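All values derive from a computational prediction rather than experimental measurement. Numbers here are sequence positions counted from 1.
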Amino acid sequence: MRTLTYLDAIVEAQRDEMARDENVFLMGLDVSWNITGTTGNKNGKLSEQFGLERVRDAPISENGYVGTGAGAAMVGMRPIVEIEIAPFIYVAMDQLVSIISKSTYIYGGQASLPITIRMPMIYNVGNAAQHSDRPISTLATIPGLKIIAPSTPRDMYGLLRQAIQTDDPVVVLEDFTRTGVRGEVPDADEEFTIPLGRADIKREGSDVTIVTVAGALGAAEAAANQLADEGIDAEILDPRSILPLDLEAILTSVAKTGKLVVADPCHDFSSIASQISAEVVQEGFWDLEAPIQRVTTPHTHIPYAQSMEKPLYPNADRIVAAVHQTME
């Protein structure tokens, strides 16, 4: 085992897959640069090893280079396309929705698109309205995409490697509230991956299930510690993969605890929390002992002022309050 930050786990997963398969290459804005520190681009480390043919800087045209990645995938390459900030994917939605998500279907299986699209969600840092989106639920409405949102270094490393090996388009939502989180990751010489669609219990508990989406894990862990001081034993379940979603694991946990809180940094309307809540009500209604509580971001644009921004997202106090509501 080695200890890596969340950010370094992204780089090392790409390094190990590029070393394993010569068809894997990385493309995006300034990906050959190496910016030191705990945050920011570190992909430049890869250009030192693999050269600028396989770590390719793209022009400022997401629609262009996402489309280039789609074409490369169709002819046998395995591109990793990095969107510099998640909301920039909106510029390339035609390529993502009309070409990448649909080509295997509309060509009757004659085309496969083993493309991995990485997009950092950089929010809760005063990035204002245009740069702070967490478009997980927006992208989840598009059939034909697989979507992962890892929240720990180990999960990021294992899921990203699996995404690159997958013969379908995979969108990787990277939560930059987790960049400095450190954790154990298997050594580079181990063929370690995590299957898409398999949830993970981050904390065992018996009184309430807290399902977390992406970076909401940190707030849930802090909330669980507060709740433990009150004698409430919370179970934390991280789906890790949004599509496919491990609904069976969620239902099993809810059957054990009887109560569900979903913490999700997406906007509340049509959020991932809403989808999980609906599916649990449909498939596990009789296991519920109290109404489901959602802890999400209000349906509003994100303000520039951090004093106004920070309270909008799931935090420990809001999750604790939601758990208390299930206990009433």
Any luck finding a side-chain donor-acceptor pair between [X] and [Y] under 3.5 Å?
X: Thr177; Y: Asp175; value: yes
X: Ser274; Y: Arg294; value: yes
X: Asn127; Y: Ser132; value: no
X: Gln14; Y: Arg118; value: yes
X: Thr3; Y: Glu184; value: no

Can you list everything that forms a side chain to side chain donor-acceptor pair (under 3.5 Å) with [X]? Sequence neighbours excluded, please.
X: Thr257; answer: Thr209
X: Arg2; answer: Asp16, Tyr157
X: Gln226; answer: none

Assess whether atom [atom1] of [X] is packed by more than 12 heavy atoms of other residues, nucleotides or ligands within 6.0 Å.
X: Glu53; atom1: CD; value: no
X: Gln306; atom1: CD; value: yes
X: Glu230; atom1: CD; value: yes
X: Met308; atom1: CE; value: no
X: Gln130; atom1: CD; value: no

**OP:** Apply side chain to side chain contact (heavy atoms under 4.5 Å, CB included) to the pair Ile232 and Val323, showing each step before the final yes or no.
**Re:** CA-CA 9 Å; Ile232 299 173; Val323 170; 4.2 Å; yes
Original post:
Is there a side-chain hydrogen bond (donor to acceptor under 3.5 Å, both in side chains) between Ser253 and Glu235 once you walk through the steps?
Top reply: CA-CA 8 Å; Ser253 180; Glu235 178 154 294; 2.7 Å; yes
Under the ring-ring contact (aromatic ring centres under 6.0 Å, His included) definition, can you give me all pairs with a residue in [range], not counting sequence neighbours?
range: residues 186-208; answer: none
range: residues 300-328; answer: Tyr123-Tyr313
range: residues 124-154; answer: Phe88-His131

Original post:
Can we say Lys45 and Asp8 salt-bridge, meaning some charged N sits less than 4.0 Å from an Asp/Glu carboxylate O?
Top reply: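 Yes.
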Original post:
Does a salt bridge link Lys202 with Asp155, judged by any charged N lying under 4.0 Å from a carboxylate O?
Top reply: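 Yes, Lys202 and Asp155 are salt-bridged.
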Subject >> Verdict with supporting geometry, Glu204 and Lys256, salt bridge (Lys or Arg N to Asp or Glu O under 4.0 Å) >> reply: CA-CA 11 Å; Glu204 297 277 354; Lys256 178 171 69 171; 3.4 Å; yes
Closest non-hydrogen atom pair, [X] against [Y]:
X: Tyr6; Y: Leu173; result: OH-O, 4.2 Å
X: Pro195; Y: Leu159; result: O-CD2, 3.8 Å
X: Ala273; Y: Thr296; result: CB-CG2, 3.7 Å
X: Cys266; Y: Ile272; result: SG-CG1, 4.2 Å
X: Thr5; Y: Arg182; result: CG2-NH1, 3.2 Å

**OP:** Report the residues that fulfil side-chain contact (heavy atoms from CB on, under 4.5 Å) with Asn225, sequence neighbours left out, ordered by chain and then residue number.
**Re:**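 By the side-chain contact (heavy atoms from CB on, under 4.5 Å) rule, Asn225 matches Arg203.
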Subject >> Which residues share a side-chain contact (heavy atoms from CB on, under 4.5 Å) with Ser112, sequence neighbours left out >> reply: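 Counting only residues at least two positions away or on another chain, Ser112 forms a side-chain contact (heavy atoms from CB on, under 4.5 Å) with Pro114.
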Among all residues two or more places apart in sequence or in another chain, which pass the salt bridge (Lys or Arg N to Asp or Glu O under 4.0 Å) test with [X]?
X: Asp246; value: none
X: Arg161; value: Glu17, Glu191
X: Asp268; value: none

Ignoring hydrogens and geometry, is there a side-chain-to-backbone donor-acceptor pair from [X] to [Y] under 3.5 Å?
X: Gln110; Y: Tyr107; answer: yes
X: Arg240; Y: Arg198; answer: yes
X: Ser241; Y: Ile148; answer: no

Please examine the side chains of [Y] and [X], heavy atoms only from C-beta on, and report whether any two atoms are closer than 4.5 Å.
X: Leu145; Y: Leu243; answer: no
X: Ile201; Y: Ile236; answer: no
X: Val170; Y: Ile147; answer: no
X: Asp287; Y: Leu251; answer: no
X: Arg54; Y: Met18; answer: yes

**OP:** Tell me, with the steps shown, if Lys259 and Asp207 meet side chain to side chain contact (heavy atoms under 4.5 Å, CB included).
**Re:** CA-CA 7 Å; Lys259 302 174 184 68; Asp207 294 331; over 6 Å; no
Subject >> Val91 with Met119, same ILVMFWY side-chain cluster at under 4.5 Å >> reply: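 No, Val91 does not connect to Met119 through the hydrophobic network.
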Subject >> Arg56/Leu52 under side chain to side chain contact (heavy atoms under 4.5 Å, CB included): CA gap, chis, key distance, verdict >> reply: CA-CA 5 Å; Arg56 304 180 69 93; Leu52 298 182; over 6 Å; no
For residues 60-75, tabulate all N or O donor-acceptor pairs below 3.5 Å that involve a side-chain atom, not counting sequence neighbours.
| unit_1 | atom_1 | unit_2 | atom_2 | d |
| --- | --- | --- | --- | --- |
| Ser61 | OG | Gly64 | N | 3.3 |
| Tyr65 | OH | Glu82 | O | 3.2 |
| Thr68 | OG1 | Gly64 | O | 2.9 |

